[in-house]
Asks: 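The structure that follows is given in the form of structure tokens.
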Amino acid sequence: MTWLSINHYVAPPGYPLSRFLDDAAAAGARSVGVTERALSETEMPSLKRMLRERQLDITSVNSAGFFLWDDPERSREQQAINRALIEAASELSADTLVIIGGGLHDMGPQDTAADLPRARATLETELPSLIETASRYGVRLGIEPMHPVQIFNKGTVNTLAQAAALCDRLPGLGIVLDIFHSWWEPDLELALARLADRLTLVQLCGVTQPRGPNLLPKRCAMRDGVVDISGTLNLLRRAGYRGRFEFELFARDLDGKQVNQAIQMAITDFSDFCDPTARSGRE
């Protein structure tokens, strides 16, 4: 049976990590993704004990990278963060350490046509050192393509084809497929067929249709929104993907739901998509 992991991002600031882990375990999750915030709030021995007590393991540590800081001091701070996240991923035996390249705004206020090529070149220059360090710790890296709308604040790797090209040039790098960022790609089926063996993790959620003056999409429950989750799971299955799945919803997207409700809904939805007969039995 395929199990769904739950990413810690669903828990708002101030929500105790132990309570989040209880929610995940009670809903039937066998694993979780942990965030930099979770690691900063909990000493590693305590975190490992809490995971062991609830029989949970780790699909992802989120997120390293952010290579584009022009400010030298900020760049050194990020390098220290990246090293700490590699060590944490190793200590937790995480499936993958998620890599986000960094957005154009990290490079300062230049705002010229040369920024994007320079950003992408910088990313490719910086990645080998991180890959080498991760390899020494036995940590698997997965770079996450970002929806183009987030090119300024998150990442300049925006398509699965870009990520695949990086993997071709940088052995040791894998890909994190986040459906929120990649569902729109016109050649998604072909891309998944080619990339199944390079995917370190697949992150799932629904995507809401933009309404009103704010035209930015939002994450939502898998049963809602415009993404055919069932069809995507079938594509991945046919492509030969045998890795793990993780539900990623941010606390700001809970829309009035309690954390435990959102987690239970995700577990139920995933079960339904993997076994449609289960859904018909509940209707």
Asks: Show your working on ring pair (Phe, Tyr, Trp, His ring centres under 6.0 Å) between F270 and F247 and close with a plain yes or no.
Replies: CA-CA 9 Å; F270 187 72; F247 178 65; 9.8 Å; no
Asks: Just verifying a value: how many Å separate T200 OG1 and L141 CG, rounded to the nearest 0.5 Å?
Replies: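 Output value for this atom pair is 8.5 Å.
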Asks: Between H105 and W69, how do the two ring planes meet: parallel, tilted or perpendicular, split at 30° and 60°?
Replies: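 It falls in the perpendicular class, over 60°.
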Asks: To the nearest 0.5 Å, tell me how far Q203 CD sits from N62 CG.
Replies: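 Atom-to-atom, Q203:CD and N62:CG are 6.0 Å apart.
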Asks: Side chain to side chain contact (heavy atoms under 4.5 Å, CB included) between L47 and E91: does it pass, once the steps are laid out?
Replies: CA-CA 11 Å; L47 175 55; E91 185 79 6; over 6 Å; no
Asks: Does the side chain of S230 reach to within under 4.5 Å of the side chain of D228, using non-hydrogen atoms?
Replies: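 Counting from C-beta outward, S230 and D228 do come under 4.5 Å.
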Asks: Any non-hydrogen side-chain atom of V157 less than 4.5 Å from a side-chain atom of R120?
Replies: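 The answer is no; the side chains never approach within 4.5 Å.
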Asks: Of the non-hydrogen atoms in A196 and G240, which two are nearest, and what is the gap between them?
Replies: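 Looking at all heavy atoms of both residues, the closest pair is CB-C, 4.2 Å.
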Asks: Quick check: is V34 connected to I263 through a chain of hydrophobic side chains (ILVMFWY, heavy atoms under 4.5 Å apart)?
Replies: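 Per the 4.5 Å side-chain linkage, I263 and V34 are co-clustered.
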Asks: In terms of ring plane angle, is the pair H8 and F20 parallel, tilted or perpendicular, where the classes change at 30° and 60°?
Replies: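 Rings of H8 and F20: perpendicular, as their planes differ by over 60°.
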Asks: Is there side-chain contact between Y9 and D253, with heavy atoms separated by less than 4.5 Å?
Replies: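 No. Closest side-chain heavy atoms not under 4.5 Å.
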Asks: Can you check whether L4 reaches F273 side chain to side chain, under 4.5 Å on heavy atoms?
Replies: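 Counting from C-beta outward, L4 and F273 never come under 4.5 Å.
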Asks: Does the side chain of L85 come within less than 4.5 Å of L39's, by heavy atoms?
Replies: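 Yes, at least one pair of side-chain atoms sits under 4.5 Å.
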Asks: Starting from L199, can I reach I143 by hopping between I/L/V/M/F/W/Y residues whose side chains sit under 4.5 Å apart?
Replies: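 Cluster IDs for I143 and L199 match.
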Asks: Could you tell me whether R194 and D187 have a side-chain N and a carboxylate O separated by less than 4.0 Å?
Replies: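 Here R194 does not pair with D187 in a salt bridge, since their nearest N and O are not under 4.0 Å apart.
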Asks: Where do Q264 and A27 come nearest, in terms of heavy atoms and distance?
Replies: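 For Q264 versus A27, the nearest heavy atoms are OE1-CA, 3.4 Å.
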Asks: Against S5, only a single residue in D95, T59, D57 fulfils side chain to side chain donor-acceptor pair (under 3.5 Å); can you say which?
Replies: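 Only one option passes, and that is T59.
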Asks: Flag yes if V207 and V10 sit in one hydrophobic cluster, no otherwise; membership is Ile, Leu, Val, Met, Phe, Trp, Tyr, and two members link when side-chain heavy atoms are under 4.5 Å apart.
Replies: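 Linked, V207 and V10 end up in one cluster.
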Asks: Run the numbers on L233 and V202 for side chain to side chain contact (heavy atoms under 4.5 Å, CB included), then give the verdict.
Replies: CA-CA 10 Å; L233 292 175; V202 173; 5.8 Å; no
Asks: Can you check side chain to side chain contact (heavy atoms under 4.5 Å, CB included) on D23 and Y15, steps first, answer last?
Replies: CA-CA 11 Å; D23 292 342; Y15 199 89; 2.5 Å; yes
Asks: So, for A38 and L17, which heavy atoms are closest and what is the spacing to 0.1 Å?
Replies: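 Of all heavy-atom pairs spanning A38 and L17, the closest is CB-CD1, 4.0 Å.
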Asks: Please tell me if the side chains of R76 and P72 come closer than 4.5 Å, counting only heavy atoms from C-beta onward.
Replies: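 Yes. Closest side-chain heavy atoms under 4.5 Å.
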Asks: For residues S60 and E246, report the shortest heavy-atom separation together with the two atoms involved.
Replies: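 Of all heavy-atom pairs spanning S60 and E246, the closest is OG-OE1, 2.8 Å.
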Asks: Measuring from atom CG of L92 to atom CG of L56, what distance do you get when rounded to the nearest 0.5 angstrom?
Replies: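 The CG atom of L56 is 12.0 Å from CG of L92, to the nearest 0.5 Å.
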Asks: Closest approach of I179 and C205, non-hydrogen atoms and distance?
Replies: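 Shortest heavy-atom separation between I179 and C205 comes out as CG2-O, 4.3 Å.
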Asks: Quick check against the 3.5 Å criterion: does H181 have a side-chain atom that pairs as donor or acceptor with the backbone of H147?
Replies: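 Yes; judged by distance alone, with no hydrogens or angles, the pair exists.
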Asks: Any side-chain heavy atom of D178 within less than 4.5 Å of one from R219?
Replies: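 Side chain of D178 against side chain of R219, heavy atoms only: contact under 4.5 Å found.
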Asks: For R37, is the CZ atom crowded, meaning more than 12 foreign heavy atoms sit under 6.0 Å from it?
Replies: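 Yes - once you tally the heavy atoms of other residues, nucleotides and ligands closer than 6.0 Å, there are more than 12.
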Asks: How far does OG of S75 sit from CZ of F66, to the nearest 0.5 angstrom?
Replies: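 With rounding to 0.5 Å, OG (S75) is 13.5 Å from CZ (F66).
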Asks: So which atom in A94 and which in V61 form the shortest heavy-atom distance, rounded to 0.1 Å?
Replies: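 That would be CB-CG2, 3.9 Å.
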Asks: Step by step, work out the side chain to side chain contact (heavy atoms under 4.5 Å, CB included) result for L192 and L177.
Replies: CA-CA 9 Å; L192 295 183; L177 169 64; 3.6 Å; yes
Asks: Please check if L236 and L201 belong to a single hydrophobic cluster, counting links between Ile, Leu, Val, Met, Phe, Trp and Tyr side chain heavy atoms closer than 4.5 Å.
Replies: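 No, it is not one cluster - the side chains of L236 and L201 are not joined through contacts under 4.5 Å.
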Asks: Take atom CD in E43; do more than 12 heavy atoms of anything else shown fall under 6.0 Å from it?
Replies: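 Count not over threshold, so no.
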Asks: May I ask whether Y241 and M222 are part of the same hydrophobic cluster, defined by side-chain heavy atoms of I, L, V, M, F, W, Y residues being less than 4.5 angstrom apart, directly or through others?
Replies: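 Linked within one cluster.
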Asks: Quick one: CG on L170 to CD1 on I131, what's the gap to the nearest 0.5 Å?
Replies: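 Here the rounded value is 4.5 Å.
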Asks: May I ask you to decide if N158's main-chain N or O and Q162's side chain share a donor-acceptor pair within less than 3.5 Å?
Replies: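 Yes; at least one donor-acceptor contact below 3.5 Å.
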Asks: Enter the distance from Q78:CD to F67:CZ here, rounded to the nearest 0.5 Å.
Replies: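 With rounding to 0.5 Å, CD (Q78) is 8.0 Å from CZ (F67).
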Asks: For E144 and S63, does a side-chain donor sit closer than 3.5 Å to a side-chain acceptor?
Replies: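 No, no side-chain donor-acceptor pair sits under 3.5 Å.
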Asks: I'd like to check the side-chain hydrogen bond (donor to acceptor under 3.5 Å, both in side chains) partners of N234; sequence neighbours left out, ordered by chain and number.
Replies: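 Only R237 meet the side-chain hydrogen bond (donor to acceptor under 3.5 Å, both in side chains) criterion with N234.
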Asks: Is there a donor-acceptor pair closer than 3.5 Å between any side-chain N or O of S90 and the backbone N or O of I86?
Replies: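 Not at all, since once roles are kept as given, no pair shorter than 3.5 Å links the two residues.
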Asks: Decide yes or no for D115 and R118: does some side-chain heavy atom of the first lie under 4.5 Å from some side-chain heavy atom of the second?
Replies: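 Yes; the side chains approach each other to less than 4.5 Å.
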Asks: Looking at D106 and L68, would you say the former's side chain and the latter's main chain have a donor-acceptor pair under 3.5 Å?
Replies: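 Side chain of D106 to backbone of L68, a donor-acceptor pair under 3.5 Å: no, none is there.
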